[in-house]
Amino acid sequence: MKLSQRLQHIDQMITTPYDHIWDCCCDHGYLGTALLKRGAAKTVHFVDVVESLTDAIQTQLESQSNDAFVGCSWQVHCEDVSRLTLSDPDSKQLVIIAGVGGDLTMDMVRAITEAHPDHALEFILCPVRQNYQLRCLLIELGYGLVDEVLLEDKQKFYEVIHVSNHSDQPVAAAGSLMWDLSRESDREYLERTIAHYTRMEKNAGQQADRILADYRGLLPSV
């Protein structure tokens with residue numbers, strides 16, 4: 001199965017080897033399988049709460065030939081991502097959470113972080129919405145930026161954020177490295193985002209002033 005543009009970008013952002021990569025909310029396991037085939041980690045973990053999906057992944061991986069994943073192992077977990085127990089804190093680990101809502105992504109990141117205070121943690125995150133709020137949580141939890149990408153896939157925009165709790169590069173609430181406003185697509189996404197929070201600002205009880213100020217601050221000076 002060919003990876004979507006979104007999953008291809010996540011795959012391409014993983015450029016150093018890991019001891020463990022956790023492909024969370026893995027759906028059909030396409031990303032994890034691609035990572036396994038290219039030896040991106042000693043062990044690739046497939047995690048989803050839907051048993052029918054994890055059973056299908058288990059069957060698919062077991063059907064592969066013995067030399068398909070030379071030097072790499074895999075494990076399939078049917079469980080709530082928020083309850084993950086990561087292995088040895090001295091291992092180099094990456095947790096990938098993509099394709100779910102911002103609130104759920106934030107719950108997972110907070111739960112994993114609080115449950116593993118002694119681990120060196122890295123996340124690659126790609127929520128379907130609430131990127132600003134997620135970034136604020138990452139700042140609160142002390143994560144630093146490794147990389148970030150803004151991409152368009154099937155007429156939808158996605159932010160892919162790679163963070164680490166041992167990076168000194170600040171996470172910006174409105175994004176930093178991902179922006180190239182010489183590109184029409186980036187300008188379109190920024191304009192859409194500003195329009196969204198402008199509508200929120202007009203609704204009673206919405207506190208969008210600070211968010212709007214951050215995004216408007218990205219606009220070129222006239």
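Here R192 contributes atom CZ and Y197 contributes atom OH; the two are 14.5 Å apart, rounded to the nearest 0.5 Å. Atom CD of Q93 sits about 5.5 Å away from atom NE2 of H119, to the nearest 0.5 Å. Here the CZ atom belonging to R38 is positioned 13.0 Å from the OG1 atom belonging to T33, to the nearest 0.5 angstrom. Distance CD/Q58 to CD/E51: 11.0 Å, rounded to 0.5 Å. Between atom CG of residue L212 and atom OG1 of residue T198 there is a gap of 4.5 Å, rounded to the nearest 0.5 Å. Put simply, CZ on R6 and CG on D11 are 13.0 Å apart, with the number rounded to the nearest 0.5 Å.
Between E191 and R187, no side-chain nitrogen of the basic residue sits less than 4.0 Å from a carboxylate oxygen of the acidic one, so the salt-bridge criterion is not met. The pair R129-E159 does not count as a salt bridge, with every side-chain nitrogen at least 4.0 angstrom from each carboxylate oxygen. Using a 4.0 Å cut-off between charged side-chain N and carboxylate O, R110 and E140 make a salt bridge.
When side chains are defined from C-beta on, V163 does not count as touching E122, because their heavy atoms never get closer than 4.5 Å. No side-chain heavy atom of V146 sits less than 4.5 Å from a side-chain heavy atom of Q169. Residues L61 and F69 have side chains in contact (heavy-atom distance under 4.5 Å, counting atoms from C-beta outward). Looking at I161 and C126, their side chains never come closer than 4.5 Å, going by heavy atoms from C-beta outward. Counting heavy atoms from C-beta outward, V160 and L150 have side chains that stay 4.5 Å or more apart. Between H9 and Y158, every side-chain heavy-atom pair lies at or beyond the 4.5 Å cut-off. Within the 4.5 Å cutoff, the side chain of S63 has heavy atoms near those of the Q60 side chain. Using a 4.5 Å heavy-atom threshold, the side chains of E152 and K156 count as separate.
Counting all heavy atoms, side chain and backbone alike, C24 lies closest to L84 at SG-CD1, 3.9 Å. Annotation for Y132 and A173: closest pair CD1-O, 3.2 Å, computed over non-hydrogen atoms. Taking every heavy atom of both residues into account, A174 and L218 meet most closely at O-CD1, 3.9 Å. Taking every heavy atom of both residues into account, S87 and W22 meet most closely at N-CZ2, 4.3 Å. The two residues N165 and Y143 have their closest heavy-atom pair at N-CD2, 3.4 Å. Contact between V128 and G101 at its shortest, heavy atoms only, is CG2-CA, 3.7 Å.
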Using a 3.5 Å cut-off and no angle test, enumerate the donor-acceptor pairs between side-chain atoms of residues 42-49 and protein atoms at least two apart in sequence or in another chain.
unit_1	atom_1	unit_2	atom_2	d
K42	NZ	D19	OD1	3.3
T43	OG1	S73	OG	2.8
H45	ND1	H77	NE2	2.9
H45	NE2	H20	ND1	2.9
D48	OD1	V50	N	3.0
D48	OD2	C26	N	3.3
D48	OD2	D27	N	3.1

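Ring orientation note: the planes of F157 and Y189 are tilted relative to one another, at an angle of 30° to 60°.
The backbone N or O of P89 sits nowhere less than 3.5 Å from a side-chain atom of H116 that would complete a donor-acceptor pair. Proximity of a side-chain donor or acceptor of E148 to a complementary backbone N or O of M178 within less than 3.5 Å is detected.
Residues F123 and I96 do not share a hydrophobic cluster, clusters being chains of Ile/Leu/Val/Met/Phe/Trp/Tyr side chains in contact below 4.5 Å. Following chains of ILVMFWY side-chain contacts shorter than 4.5 Å, one can reach V81 starting from L134, so the two form part of one hydrophobic cluster.
Other residues, nucleotides and ligands contribute more than 12 heavy atoms inside 6.0 Å of the CD atom of E114.
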